[in-house]
Amino acid sequence: MKRGLFKNFLVLLVIIGLVSACNLSYFEDAEFGDFVWDASLAVPIGEITYSIDELFDELNDAGAQVGVNNENIVTLSYTEALQSQTASAFMTVLDQNFTGNVVAGVNINNPGVGTTVQVDQSFEFTLSQRNSEEYDSILFTSGNFDIEFSSDFDATIDFTLNVNSLINKTTGDPLSITGTLSPSGPTFTSNNNLGDFKGDFTKDGSGNTATNKVVVDFTYDITVEPTSVVNSTDKVDFTMTLTNAEFETVFGDVGTQGLDVNFQVVNLDFFRDFDAGGITFTDPVFKFVFENGFGFPLGIDFKNITAIGNEGQIVPLSGTATAEPTVLSAPTIDNIGTIETTNFELNSANSNIADLLSSQPRKVIMEVNASTNPANGPDQYNFVDTSSLLDVSVQVDLPLIANINNLVAEESMDFNNGTDLEEAKKLLLRVITENELPLGGNIELQFQDAANNVVFTVTERPVFAAAPIASGDRTTDVATTSVDVEFSNEDIRAIENATKIRVLVRLATTDAASGNSVKFFNDYELKIKLAAQADVEIGAN
Amino acid sequence: MSAMTRKLIIFSFAMALTVSVNAQAYFSYYQLRELVPQTQSLQPAFIPNNSFTAAMPGLNMGLSLDSDFKLQDLLAKETGSIDYAIDFDVLLAAAQDVNQLNLDVTSNLFHFGLKTKKGAFSLFGNVRATVHLQYDREFMDFLANGNANRIGETIDFGGTRLMANSYHEIGLGYTRQFLGERLTLGGRVKQVTGLFHASLAEGATGSITTAADDFSWQIAVQNGTANTAGLDLFLNDQDYPDNALQDYLISNDNSTLAFDFGAKFKLFKWLHLEAAVNDIGTITYKEQPRNYNTQDATVNFSGVQLRGIENSGDVFRDSLESKFTSDETQRQFTTDLTMRTYLSASLFLGERNRFTVMAFNNHVFDEIDPSYAVAYNHSVKKFTFGLLGSYRGNGNELNIGANIASDIGPVQLYLALDNALATNRPEQYSKADIRFGINLMFGYKKWANKSDIVDLDEL
């Protein structure tokens, strides 16, 4: 019995021991904290491949078109349009008047019987025009041609005035005015719409070929009463007034005068990002296309084309192309309403535009002067049609055949990814480039805060190497570069405060120091791969 | 018995303890044997000591958590913090080459036992859940350190396997003695109804190789299928009527038959040999199956096209996903139950003392990786109690278990722990195993016999 009690006691002791040994302090008051995955990940972020035209498109701020020339060389093109004054602004038919009188030429005093005396006279007037303009004819569209007659006869006058230089467009007859003047009604007025007429100023009063001539025949009959008195100095006056004339076409000779052409400023944004260093273009071209609707040849002077450099320096265009005006052909009178196109190139052979563009100009002022009937132009019958206009388009082509030597490009970009870095503790960014371009670059990154203070700098380092050119014009191999950029935890914390990145790129073409230019062919590509190794703390939230 | 035989047996016990062991076992619970009728779930050849048993519904529970890391490795606390954190660095430090996490939760819904002259009948119902996760050190190394320290190398996830099952089982058991009382055979047949499931397909493997130059990934996937069942009722509950989950839990089409078999042989009066194979069967999930499939592929991923990119995280994920052909299907699938095998040899020293050495294997992932234990039980008049030791190989602590059960009737209390020390700062242990319950027991006296146990001291 005692033994059984002992065993029971022993069992009880074990149970008490187990219970009393129970220690759950580890679990007291504890809760699950936020889950955080703390690991170091090597991640291929991705890649981007730039064709060369895309690459320069990025540099260009879309100010230029990026294309290729017939050699498949990438070409930057800037296009601007210039336009001349209109035909109506270039040529105006002046307001003017023509006056004359015709005297009786005989003395009649109480003839006793009634009689009639006829008087006639021709007049030749000259149109007043500007400069040395000589008009043969004008096809009017509107305007006024008013004629006033007055008589000092003490008799009835029946008159006819024929303006031989104004031909009715419908009938083909000259303008003819008839009327009667009497002692009780000594004045007469005729208002005529010039739009009904065309002017023919090619004959003088004698019928000889002339210009700018207005010929008028004036005839009147004097009805003399038996008791009337007519003095030989009695006369009929007339005044022809031409006002507000508008024309459809003017024929003749506009002489030599200036044709105003507006100017344009070509903004070469491509150069805006560049600071120090040099870039030399080998074969830039300014391509002009002139579309002339005026019926006379034009002489174009390029002397006023000017480049404004980075620091305001002025580089004027010079060369043989500026020696004498470039002649633009014109439509003939058989082709009124058509456009005569003249193409002209300013290039390195006829001008200094290579130097002009190698100054890395921010802008080029495109100003051309046009003059009519230049001395070195053809002798051509002139006309001006109301639709006549001179349109000038200019395309600045920069084929990327260049030598770039330590050219520094600068670009600022917004940086708003700071919050994305909150989970990063350490970061290694690997940039791998596979470059077919004969252009290499070192890059420096300056992270700036809102007050433009540099909070962290990734020092300059080669990011993409220029592809080699063993022979010929093309690169012969792909240049591969791998560069690591390491950011410590302190660096990342500093970058979190950045609001923008200032990117400084130092560019150099293959073997730039030799001065050789390289060609950027359209099929070149620059592939950029990004990979990262990051110590991250990723929370469940 | 000769002295040589005795030495041989003791030597065998000692050798068994030197073998690496692993996996949950309910070793201590097993030692309660005929005293607790529910132990038939481990050994169907056990015949209860009493005439009739009625388990208290819902009051018989079991939990076994067994892993290769300590609880404080999983629920780590940083110095000075009282909060838990999942710290993969800690888990990596604790990791072995191959690591297991096994969880078993059992709730005995009901159990009725009837002892007959030659054996016993039982009618029972359980709800069970098992989770088996296996991973190798490389997987944990990836979780702890990412891939950055494995640049230029391949990280192989092929050692990662997952099997999670929950089901209820209702069955009948019958045990009968043969050859007098020397041989006892038991069997149970049960209708198993699958409820919830998640697993990686057999042979599912994956790997990631990080290139040294550009960190690009080569990702390989083979047999990339994850099967689930029943989870959609939770994940998309808005798509189902209110009582859908309840109906599904009570009855569904995922039913099948499974079996438990056991045998007990009294080699000598003082030496009993036992063997049991439980949970033989499969579940075919016909209702609520979901298959998340990724076709076999080896893809290279070099990141995304950066031109014009926005929402880079989404683009990155979409780009990676697009390299794989994945779909979701609702094909039925079949999964094995986690078959369990027990082998034991019991040495009786007198009427009241029993030494047992036993082995257990849960056959998860079709692997043979047994665990072993040696136990001692002592019976007194109204109850039995025992101590048990198990050692599960390098990196695992020695487990000291204990068990106790009363037979004072009609109310029986029992408790079994494979690692009794875990009650004192359980965070320091990698195994927690407990079975407890309350039964109503009747008819002890009818079967009370004189002890047949041979006292070795008298030989």
Side-chain angles (χ1 to χ4, degrees), chain A residues 1 3-8 10-12 14-15 17-50 54 417 420 426 428-432 434 480 482 527-536 538 540, chain B residues 71-72 75 77-78 81-89 142-152 210-217 300-309 312-313 315-316 319 352 378 380-385 387 402 404 415 417 420-428:
Chain A
M1 183 66 183
R3 192 179 175 196
L5 280 175
F6 174 74
K7 288 179 179 176
N8 291 349
L10 187 62
V11 170
L12 188 62
V14 170
I15 294 173
L18 288 174
V19 173
S20 62
C22 185
N23 182 349
L24 302 177
S25 59
Y26 191 82
F27 304 94
E28 290 174 356
D29 301 323
E31 297 180 352
F32 276 101
D34 293 336
F35 175 75
V36 176
W37 188 38
D38 179 357
S40 183
L41 299 178
V43 181
I45 297 173
E47 64 180 45
I48 186 167
T49 300
Y50 286 104
E54 291 169 336
N417 299 97
D420 295 340
K426 184 180 176 184
L428 180 147
L429 188 65
R430 177 166 293 178
V431 182
I432 304 162
E434 297 171 1
T480 300
S482 178
K527 179 184 288 185
I528 301 172
K529 296 179 181 178
L530 292 180
Q533 181 181 334
D535 290 355
V536 297
I538 301 174
Chain B
L71 198 54
Q72 65 187 9
L75 302 176
K77 285 183 177 180
E78 291 185 2
S81 172
I82 63 170
D83 291 337
Y84 306 125
I86 304 295
D87 191 329
F88 296 125
D89 291 328
F142 174 74
L143 291 180
N145 298 318
N147 64 335
N149 63 348
R150 299 291 299 276
I151 292 172
T210 306
D213 52 354
D214 59 3
F215 303 163
S216 60
W217 296 340
N300 293 303
F301 181 68
S302 302
V304 299
Q305 277 296 327
L306 299 173
R307 189 183 302 280
I309 190 172
S312 55
V315 173
F316 191 90
S319 176
R352 298 181 183 277
H378 180 78
V380 293
K381 268 191 172 179
K382 297 298 183 183
F383 53 84
T384 184
F385 67 92
L387 294 174
I404 184 169
L415 171 67
L417 300 164
L421 300 179
T423 58
N424 180 27
R425 304 193 63 183
E427 70 274 12
Q428 296 181 335

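Protein chains get the first letters and strands the later ones, always in sequence-line order, with residue 1 at the start of each.
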J.: How are the rings of B:Trp217 and B:Phe316 set relative to one another: parallel (under 30°), tilted (30 to 60°) or perpendicular (over 60°)?
T.: perpendicular
J.: Pick whichever of B:Thr210, B:Leu75, B:Asn149 has the most heavy-atom pairs under 4.5 Å with chain A.
T.: B:Leu75
J.: May I ask you to name which of B:Ser302, B:Ala85, B:Ser216 has the most heavy-atom pairs under 4.5 Å with chain A?
T.: B:Ser302
J.: Any side-chain heavy atom of A:Arg430 within less than 4.5 Å of one from A:Ser482?
T.: yes
J.: Taking only residues two or more places apart in sequence or in another chain, which ones pass side chain to side chain contact (heavy atoms under 4.5 Å, CB included) with A:Lys426?
T.: A:Asp535
J.: With only heavy atoms counted, which part of A:Ala534 is less than 4.5 Å from chain B, the side chain, the backbone, both or neither?
T.: neither
J.: Where on B:Ile151 is there a heavy atom nearer than 4.5 Å to chain A: the side chain, the backbone, both, or neither?
T.: side chain
J.: Side chains of B:Phe88 and A:Trp37: does their closest heavy-atom pair fall under 4.5 Å?
T.: yes
J.: Excluding sequence neighbours, so at least two apart, what forms side-chain hydrogen bond (donor to acceptor under 3.5 Å, both in side chains) with B:Asp87?
T.: none
J.: Using heavy-atom distances under 4.5 Å, tell me whether A:Ile45 contacts chain B through its side chain, its backbone, both, or neither.
T.: both
J.: Sort B:Asn145 into side chain, backbone, both or neither according to what part of it lies under 4.5 angstrom from a heavy atom of chain A.
T.: backbone
